[in-house]
Amino acid sequence: MKISKPSWYSHTLTLFFFIIIIMMSHVANSQSHQLYDEEHAVLMKIKQYLRNPPFLSHWTQQSSTSNNNHCSWPEINCTTNGNSVISLTLSNSNITQAIPTFICELKNLTFIDFSFNFIPVSKLTKLKLFHVYATNLVGEIPENIGEMVDLENLDMSQNGLTGGIPSGLFLLKNLTILYLFQNSLSGEIPKVVEALNLVDLDLAQNNLTGKIPEVLGKLKNITWLNLSLNKLSGEIPEAFGSLPAMVDFRMFSNNLSGTLPSKFGRYSRLETFLVSSNILSGNLPENLCYNGRLLNLTVYDNNLSGELPKSLGNCNSLLDLKIYNNKFSGNIPSGLWTSLNLSNFMVSHNNFTGELPEMLSSSILRLEISFNQLSGRIPATVSSWSNVVVFDASKNNLNGSIPQELTSLPKLTTLLLDQNQLTGPLPSDIIHWENLVTLNLRQNQLSGQIPDALGRLPVLSQLDLSENQFTGQVPSQLPRLTNLNLSSNHLTGKVPYEFENSAFDTSFLDNPGLCSDTPELNLALCNSTPQRSGKGSSWSVSLITSLVVAAFLMALLATLLIMRLYRKRKQEFDNSWKLISFQRLNFTESDILSSLTEQNIIGSGGYGAIYRCPVDDFGYVAVKKIWNDRKLDQKLKSSFRAEVNALSNIRHTNIVRLLCCISNEESMLLVYEYMENSSLDKWLHKKYNKASNFSSSAAVHHVFLDWPKRLQIAIGVAQGLSYMHHDCSQPIVHRDVKTSNILLDAQFNAKVADFGLARMLLKPGQLNTMSTVIGSFGYIAPEYTQTRRITEKIDVFSFGVVLLELTTGKEANDGDQHLSLAEWAWRHIQIGSNIEELLDKDVMEPSYLDEMCTVFKLGVMCTSTLASTRPSMKEVLQMLQLCRDQFDYGGDSKLGHYDVVPLLKDSKSETRLDVVDTL
Ligand SMILES: *[C@@H]1O[C@H](CO)[C@@H](O)[C@H](O)[C@H]1NC(C)=O
Ligand SMILES: *[C@@H]1O[C@H](CO)[C@@H](O)[C@H](O)[C@H]1NC(C)=O
Ligand SMILES: *[C@@H]1O[C@H](CO)[C@@H](O)[C@H](O)[C@H]1NC(C)=O
Ligand SMILES: *[C@@H]1O[C@H](CO)[C@@H](O)[C@H](O)[C@H]1NC(C)=O
Ligand SMILES: *[C@@H]1O[C@H](CO)[C@@H](O)[C@H](O)[C@H]1NC(C)=O
Ligand SMILES: *[C@@H]1O[C@H](CO)[C@@H](O)[C@H](O)[C@H]1NC(C)=O
Ligand SMILES: *[C@@H]1O[C@H](CO)[C@@H](O)[C@H](O)[C@H]1NC(C)=O
């Protein structure tokens, strides 16, 4: 049967409706019979309302005890206890009626999925509040939604809506809240606006184009205006600057040009001003902080210029100053440095001049002033910058020496002073930098010896002292650094044994006095060091000549050999490279070897570079190239292979599969399955913005790690770890669990990577204790740094940190004033903070609150300082699964708390003492 329809009507509008109503309480049995009957009646009413369509012919009168009760109908799911309808799917049916309002009588309904062709002007015109956010709603917004004239509050955010924004929406005179953010809406913003009562308008994260309509400047009541993450162009209407109610203004990541409205902030109580990542030019408005309420000033990545307004020096409300990557010049207003509440001072990549301040606000955690023209010395009063965690002053004109006082900043994790004109020796007291992870002093004129104390900094992992005038020997005690560069200095003597492998092949270059026992470091060999010049120069000339000739002959020979081997490759087994495969593979070692090129590098781990190599039947594989210590003996090599073999036998959905291992005398290549969505940290900490390895920007825009996805990831990782700890013949401890080691496949299934690698790279006799700590800052269990003892509980600790990251959205080493996230979480539990306020605002919704709190508490339990009070991975997994089941059935929340809370209490009372002790 075909009906001719008007054009707006002929669109097939597929609108899936989910209304989230979470009710959590227990149902007694007798009540549940009554409830069943009531709900049954509602269902029969729906059937009747739809005029008894044939596809509902099986909806017949049934009693709750019948085994064909309505909970067994395919369109319906019920709560597990209580038999109350929670979901109703009537899609793919030819329903043309509007959703009947009596559907609300199904009190526990959390999910409605209706396909229908139009919303007639019906009872819905009386609707004032319409919320269908964060569901899988797809299709276009019906044009006639503008007929719901009484609508005051419309939230269709976080769906898959396409098409344009119906202009009718902007004609709704009573509309005060309109949320359409995080959809795929395109086209322009309607130019006729009669919805003058709008207070909140959020169209962020869509595909909107064209200019921002001038007429939005008439929204006198607008408080929240967010058009960020679209493709809007043209200027920001001047009238926006005078809107009296504006509090929160967000336009970041568009193509907006022109200047900023000059009166911005003068007439309103502006708190948030985010216009970063556009092509805006001109000055910053003079009065942004006129009313003393500005919290966030975020204008980075634009072409803004001129001096900063003097008034900013008198803005004590400011928390965040992110103005980097512009063309600002002149001196920074002196009051800004001491702004009472400022925590992020980020002004890098501008043309600022002047000197560093004597005093700095104690609230500043991040001081980033790199790539400017700041000059003068680092003041001795730097010791008063007590809370600074990151100090980045790279590429300025700073001179003088590094003051001793700089070592008294206890919280410093990152110190970047490279590319300045600093002179003199390193301060002697550097041992106080107990939290320093990164130290970069490249390209200065620093001199003197490299202090041995550097080797005793517990968490230092990146050290660059290159292009200075350091003398003396390389300290042998430097920790196993992931990055070390001492090149272009005047160091002498022999490179300590620890560094004699290809991982450090660019670490010591251009130090004429330095030698090594291995050619891998590209240095002179120690035993054949030429005599001092003057004595035997003719001898050394002849030595060099003969070396060159020998090298040439060897290269020739090698070339011939390689060519011969290459030709023989197909018929014969290749002697030089050995491939140990753990399953049938449709690629050969040479397919892999030929694609180990610079442009295929996708990352580097602690153990070497990682490549993405194309292969026929897998699409891609990931190849980890591991540096190999030349001194590895045959026995160790075979034990390495045995380990690899053991790992390759492990098949678990949550552990990245090792496909094969390719090795020769010098290198080891581990070939893994390739994971499309990279690692968890990229998603969680939004690192994908800059270093995007992702297939499409659409993925970045529209896939968002909501809470259910995060919980699923947590469960996946827990399954993988629990399997390795409890279900393998010998427990395998990971030792380096962190978000960057948690990889995500195309469907966001979590897989743990690098399992066993830490263990494989140990030397014999170090099986249970280690001379150096493997692990990453923020994730390392306290007993591990102290005793170096390895138990499964160190993985539990690290996993706890991952849980805290998933629930709070914070990074492992970023716990505000405190150092690590784990410590931060502990303190909040100790002082009895409201957990709700600690959770990640980006994913928090009332319906997830319980699960998020439970998982947060679980994270705290796992990061207990006392290893014995941490739960086992198996217990952790059970608790997470309980949490998920509770979520799935939308029901009884007591289930989860019953098991988690007593455990938490136990561990808390025991460990609280312990925490106090260690403080
Ligand atoms: C469902 O809704 C009713 C109220 O109609 C309520 O009494 C009951 O506790 C709810 N929950 C379950 C699991 O049935
Ligand atoms: C009912 O639950 C099953 C199993 O969880 C699920 O596959 C199905 O999609 C659900 N049906 C509805 C209508 O929600
Ligand atoms: C929907 O209607 C079309 C024709 O109008 C018919 O072919 C189809 O079977 C109907 N679908 C259902 C589920 O009733
Ligand atoms: C809007 O709200 C006012 C005041 O609540 C009400 O009188 C009016 O009927 C509503 N609807 C329209 C279409 O103005
Ligand atoms: C945005 O629009 C462009 C063309 O205008 C289109 O190619 C792209 O796929 C759209 N992206 C999304 C996420 O809708
Ligand atoms: C704005 O808000 C005020 C006070 O709440 C109200 O009186 C007024 O009607 C609203 N609308 C416009 C367009 O000013
Ligand atoms: C404002 O700054 C604070 C402090 O850095 C930060 O926590 C908050 O997320 C920022 N708000 C926005 C909207 O960027």
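The model shown is predicted, which means the values in this text are computed figures rather than measured ones. Each ligand, and each atom within it, is numbered from 1 in the order the structure gives.
- Atoms of ligand 7 found under 4.0 Å from any heavy atom of Asn296, numbered from 1 in the order shown, are 1 (C), 2 (O), 3 (C), 8 (C), 10 (C), 11 (N), 12 (C), 14 (O).
- When all heavy atoms are compared, the tightest approach of Arg266 to Tyr290 is NH1-CE2, 3.2 Å.
- A distance-only check finds a donor-acceptor pair linking the side chain of Asn350 to the backbone of Lys327 [under 3.5 Å].
- The pair Asp392-Arg366 does not count as a salt bridge, with every side-chain nitrogen at least 4.0 angstrom from each carboxylate oxygen.
- Counting protein heavy atoms under 4.0 angstrom from atom 9 (O) of ligand 7 gives zero.
- Polar contact with ligand 4: present for Asp150 (N/O pair, distance under 3.5 Å).
- The cationic atom of Lys322 (NZ for Lys, CZ for Arg) does not lie both less than 6.0 Å from the six-membered ring centre of Tyr300 and within 45° of the ring axis.
- For ligand 7, the polar-atom distance check finds no N/O of Arg250 at less than 3.5 Å from any of the ligand's N/O atoms.
- Protein heavy atom closest to atom 13 (C) of ligand 6, with residue, atom name and distance, is Leu196 O, 3.3 Å.
- Under a 3.5 Å cut-off, the side chain of Ser361 and the backbone N or O of Ser339 do form a donor-acceptor pair.
- Annotation: Asn174 places an N or O atom under 3.5 Å from an N or O atom of ligand 4; distance criterion only.
- Within ligand 6, counting atoms from 1 as listed, the ones closer than 4.0 Å to a heavy atom of Asn197 are 9 (O), 10 (C), 11 (N), 12 (C), 13 (C).
- Distance check: Ile713 CD1 to Trp683 CH2 gives 10.0 Å after rounding to the nearest 0.5 Å.
- Residue Asn344 has at least one N or O atom closer than 3.5 Å to an N or O atom of ligand 7.
- Protein non-hydrogen atoms do reach within 4.0 Å of atom 5 (O) of ligand 7.
- Side-chain atoms of Ser277 never come within 3.5 Å of backbone atoms of Ser253 as a donor-acceptor pair (strictly under, hydrogens ignored).
- Atoms of ligand 6 found under 4.0 Å from any heavy atom of Asn221 (numbered from 1 in listed order, with element): 1 (C), 2 (O), 3 (C), 8 (C), 10 (C), 11 (N), 12 (C), 14 (O).
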